[in-house]
Structures are given as structure tokens and as C-alpha cells.
Undergrad: 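Dropping a structure here in C-alpha cells format, bear with me for questions.
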Number of protein chains: 2
Amino acid sequence: MKYKDEIEEVYRFFTEVGIINQLISTKLETLLPDRMTATQFGILGHLVRRPDGETPLQLSKAFQIPKTSMTHMLAGLETKALITLEPNPSDKRSKIARSTSRGEQFLNESMQRMSKALQPVLDDLGHEPFANSLTHLTRIRETLDKERD
Amino acid sequence: MKYKDEIEEVYRFFTEVGIINQLISTKLETLLPDRMTATQFGILGHLVRRPDGETPLQLSKAFQIPKTSMTHMLAGLETKALITLEPNPSDKRSKIARSTSRGEQFLNESMQRMSKALQPVLDDLGHEPFANSLTHLTRIRETLDKERD
DNA sequence: CTCCATTAGTACGATATCGCACTATATAAT
DNA sequence: ATTATATAGTGCGATATCGTACTAATGGAG
């Protein structure tokens with residue numbers, strides 16, 4: 001395969017990723033109350049799966065979001081009482097974000113609605129395209145992450 | 001495979017897509033002048049490949065972006081003289097957005113820089129993960145798009 | 001032709017995003 | 001211990017995003 005074609009291919013890959021991201025965020029956000037963001041929802045899910053919580057900086061690294069944006073998002077989640085923000089005992093500069101039980105419940109309910117909304121897509125495609133691409137996506141994400149300055 | 005696991009899998013798929021999108025947008029945006037957005041860049045690329053141009057509405061559908069956001073983005077691209085916005089001869093309500101030669105040149109230069117920046121990733125992974133997932137991504141995108149209300 | 005429902009684009013306002021600069025704490029160097 | 005450097009989080013200001021409501025133009029029904 002020609003070098004130029006490879007670049008084209010990678011470019012199309014990123015375009016598809018961008019559009020899928022757009023489609024799914026929009027769909028998700030119509031199912032979420034207020035003006036809750038898909039990213040906020042992702043953060044909540046991340047925290048629910050980690051009962052010990054994480055620091056804002058860890059979260060901003062995990063989601064590749066500027067820490068100044070993370071401050072804002074976490075504040076929003078705290079206002080909705082979906083997470084708590086406590087001082088980090090092992091570092092006075094830092095904090096620990098944890099999901100509340102209300103947060104977990106909210107996540108589960110939303111996931112439920114999202115699954116329902118995606119059912120037609122799953123019926124149509126089956127899970128194979130997701131499973132098959134997931135391996136590659138993970139590899140790509142890891143490499144992009146590692147290679148980042 | 002259990003139903004619940006399938007949901008988990010789809011959820012992880014979307015999470016990976018979100019993070020890759022974030023990583024690549026951020027990387028691209030550091031290579032772009034001013035505060036030009038990755039999406040703006042995508043739109044420019046779209047227009048460069050379509051010499052007849054497209055209407056704002058076509059663009060907002062193609063990228064799944066609200067048309068009100070599209071107005072804003074196109075205005076920005078026009079200010080930078082990377083595109084033109086002309087009245088649509090076949091519909092007085094409408095407009096046609098076209099890339100300028102300056103726009104095309106700018107795109108090519110930026111693509112060049114982006115390719116260079118991504119070279120380590122390609123060296124590391126090869127193009128296979130991109131090629132292999134691209135087919136699936138396209139199918140998924142098409143289905144999501146079709147199933148959208 | 002007239003009426004009316006639909007469509008393309010935008011103005012506006014609310015909120016989100018994020019770069020820069022700053023404070024407080026932590027860590028390393030001497 | 002003292003000083004210098006790095007790190008965690010935030011305030012602020014500039015800009016981006018997008019929902020609502022609007023105007024102008026279109027196209028279909030009678």
C-alpha cells in the first residue's frame with residue numbers, strides 16, 4: 001500500500017471516529033437531564049467502577065481533558081450530588097472525587113435508557129462490529145496515549 | 001455472550017471512541033494556528049474534496065453538528081479566507097460553502113504536519129489496526145446515522 | 001393564485017471549554 | 001534547613017457550542 005493511501009486511510013479513520021463520537025454523544029445527551037454532557041457521564045461511569053475514587057488530575061489524564069475543564073465538570077457533578085469532592089489525605093493540594101450512591105443509581109438508570117435506545121442498532125448490526133473493532137481501538141488509543149509528549 | 005456483557009462491550013467501544021477523538025483533536029489543534037478547531041479542519045477537508053461546494057445544512061448533516069454551530073464555524077473559516085460563502089443560485093434561502101485555493105493549500109500543509117506528528121504511531125502500529133477497524137466503524141456510523149430519529 | 005406547512009440560515013442568550021496566570025503544597029538539590 | 005523546581009487545583013477571560021425562537025424562501029394542496 002502506498003504511503004499516501006495510508007495517510008488517507010488514517011485520516012478517514014479519524015473522521016469516522018469523530019462522527020461516531022458526535023452521533024453517540026448527541027444521542028446520549030438527549031437521554032440525560034438538564035444539560036449534562038456525555039463526557040460528564042463518562043466520568044461518572046469511571047468513578048462508579050472505582051470505589052476508592054480518583055483525583056481530578058487522574059481523571060483529566062484518563063479522558064484527555066484539560067484539568068481546568070475537569071474542575072468545571074466535577075463541580076457540576078457535585079452540584080447534582082452525583083459525586084463527592086473530598087480533600088486528599090495524602091496530598092493537601094489534591095482532592096478525591098468519588099461517586100455517591102445517588103450517582104451510581106443515576107448511572108444505572110441512564111445506561112438502561114441508553115441500552116434501550118441503542119437496541120435497534122444492536123439488532124441490526126449484532127455485537128461483532130463492536131467487538132472486532134474494540135481490540136484495535138484499544139491498541140490505537142494506548143499507542144496514541146504513550147506517544148503523546 | 002450474555003446480554004449484559006454486550007452492553008458493557010458497546011459501552012467500552014464508545015468510551016474508546018471518545019478518548020481517541022479527544023487525543024487526536026488535541027494533537028491536531030496544537031498543530032493548527034489560532035484557535036482553529038479539529039471540526040473546522042474536518043469541514044475544510046470535506047470541502048476541498050468537493051469542488052462544487054456544499055450547503056451549510058449538508059455539512060451539518062455530514063458531521064452531525066447542529067446547524068447553528070455550523071454557521072459559527074463557517075463564519076470563522078470565511079474570516080480566515082479558507083472558504084467562500086456564496087448565495088445558492090437554486091435556493092435563495094441557502095448558501096454554498098466552497099474551499100478557496102488558500103484553504104486547500106492550508107489543508108495540505110496542515111496534513112503534512114499531522115502526518116509527521118503521527119509517524120511514530122504508524123511506525124509502531126502499522127496501518128493494519130486502522131484498516132481493520134475502519135470497515136466496522138463505517139458500518140457502525142452508517143447504522144447509527146440511519147437509525148437516528 | 002392563495003394559503004400553509006416545511007425548510008435554510010441566523011440572532012441571541014445560556015452554558016461549556018480551555019489557555020494563561022496564579023496560589024499552595026510537595027519534592028529535589030545543595 | 002534553605003532554596004529552587006515541579007505539581008494540583010482554580011479564577012478569570014476569550015471563545016465555542018448549541019437550544020430556542022425568529023425571518024425569508026420554498027413547495028405542495030386546493
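Protein chains get the first letters and strands the later ones, always in sequence-line order, with residue 1 at the start of each.
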Undergrad: Does a nitrogen or oxygen in the side chain of B/Thr68 sit under 4.0 Å from OP1 or OP2 of D/dG19?
TA: no
Undergrad: With hydrogens left out and only the distance checked, is there a donor-acceptor pair under 3.5 Å joining A/Arg93's side chain and the base of D/dT7?
TA: yes
Undergrad: Taking the nucleotide of DNA chain D with the closest heavy atom to each, which residue, A/Leu85 or A/Thr26, is nearer the 5' end?
TA: A/Leu85
Undergrad: Mind checking whether A/Phe63 and A/His46 have ring centres under 6.0 Å apart?
TA: yes
Undergrad: Could you tell me the separation between the CE atom of B/Met70 and the C1' atom of D/dT17, rounded to a whole number of Å?
TA: 12 Å
Undergrad: Side chains of A/Asp123 and A/Gln119: do they bring a donor and an acceptor to under 3.5 Å?
TA: yes
Undergrad: Answer with yes or no whether A/Lys67 presents, from its side chain, a donor or acceptor under 3.5 Å of a partner atom in the base of D/dG9.
TA: yes
Undergrad: For A/Met73, report the nucleic acid contact type (base, sugar-phosphate, nothing); a contact means any heavy atom under 4.0 Å.
TA: sugar-phosphate
Undergrad: Taking only side-chain nitrogens and oxygens of A/His72, does any of them come within less than 4.0 Å of OP1 or OP2 of C/dA16?
TA: yes
Undergrad: Starting at atom CZ of B/Phe63, determine the distance to atom C1' of D/dC18, rounded to an integer number of angstrom.
TA: 18 Å
Undergrad: Classify the nucleic acid contact of B/Ser69 as base, sugar-phosphate or nothing, counting any heavy atom under 4.0 Å across all strands shown.
TA: base
Undergrad: Tell me whether B/Glu29 contacts the main-chain N or O of B/Thr37 through its side chain, where contact means a donor paired with an acceptor under 3.5 Å.
TA: no
Undergrad: Between C/dT10 atom P and B/Leu57 atom CG, what is the distance in whole Å?
TA: 11 Å
Undergrad: Examine distances only and state if a side-chain atom of A/Ser25 and a backbone atom of A/Ala38 form a donor-acceptor pair shorter than 3.5 Å.
TA: no
Undergrad: Specify the residue among A/Thr39 and B/Ile96 whose closest nucleotide of DNA chain C lies further upstream toward the 5′ end.
TA: B/Ile96
Undergrad: Starting at CD of A/Glu29 and ending at P of C/dA16, how long is that distance when rounded to a whole Å?
TA: 11 Å
Undergrad: For B/Ile43 and D/dT17, what is the distance between atoms CD1 and C1' respectively, to the nearest whole Å?
TA: 12 Å
Undergrad: Just the rounded figure in Å: distance from P of C/dT7 to NZ of B/Lys61.
TA: 8 Å
Undergrad: What is the distance from CD1 of B/Ile65 to C1' of C/dA16, rounded to the nearest Å?
TA: 15 Å
Undergrad: Considering every strand and a 4.0 Å limit on heavy-atom distances, what is the contact class for B/Asp91: base, sugar-phosphate, or nothing?
TA: sugar-phosphate
Undergrad: Rounded to the Å, how far apart are B/Leu32 CG and D/dA16 P?
TA: 13 Å
Undergrad: Check every atom of D/dA8, D/dT26, C/dA8 against the side chain of A/Ser94 and return the nucleotide holding the closest atom.
TA: D/dA8
Undergrad: Can you find a side-chain donor-acceptor pair between B/Thr138 and A/Glu16 that sits under 3.5 Å?
TA: yes
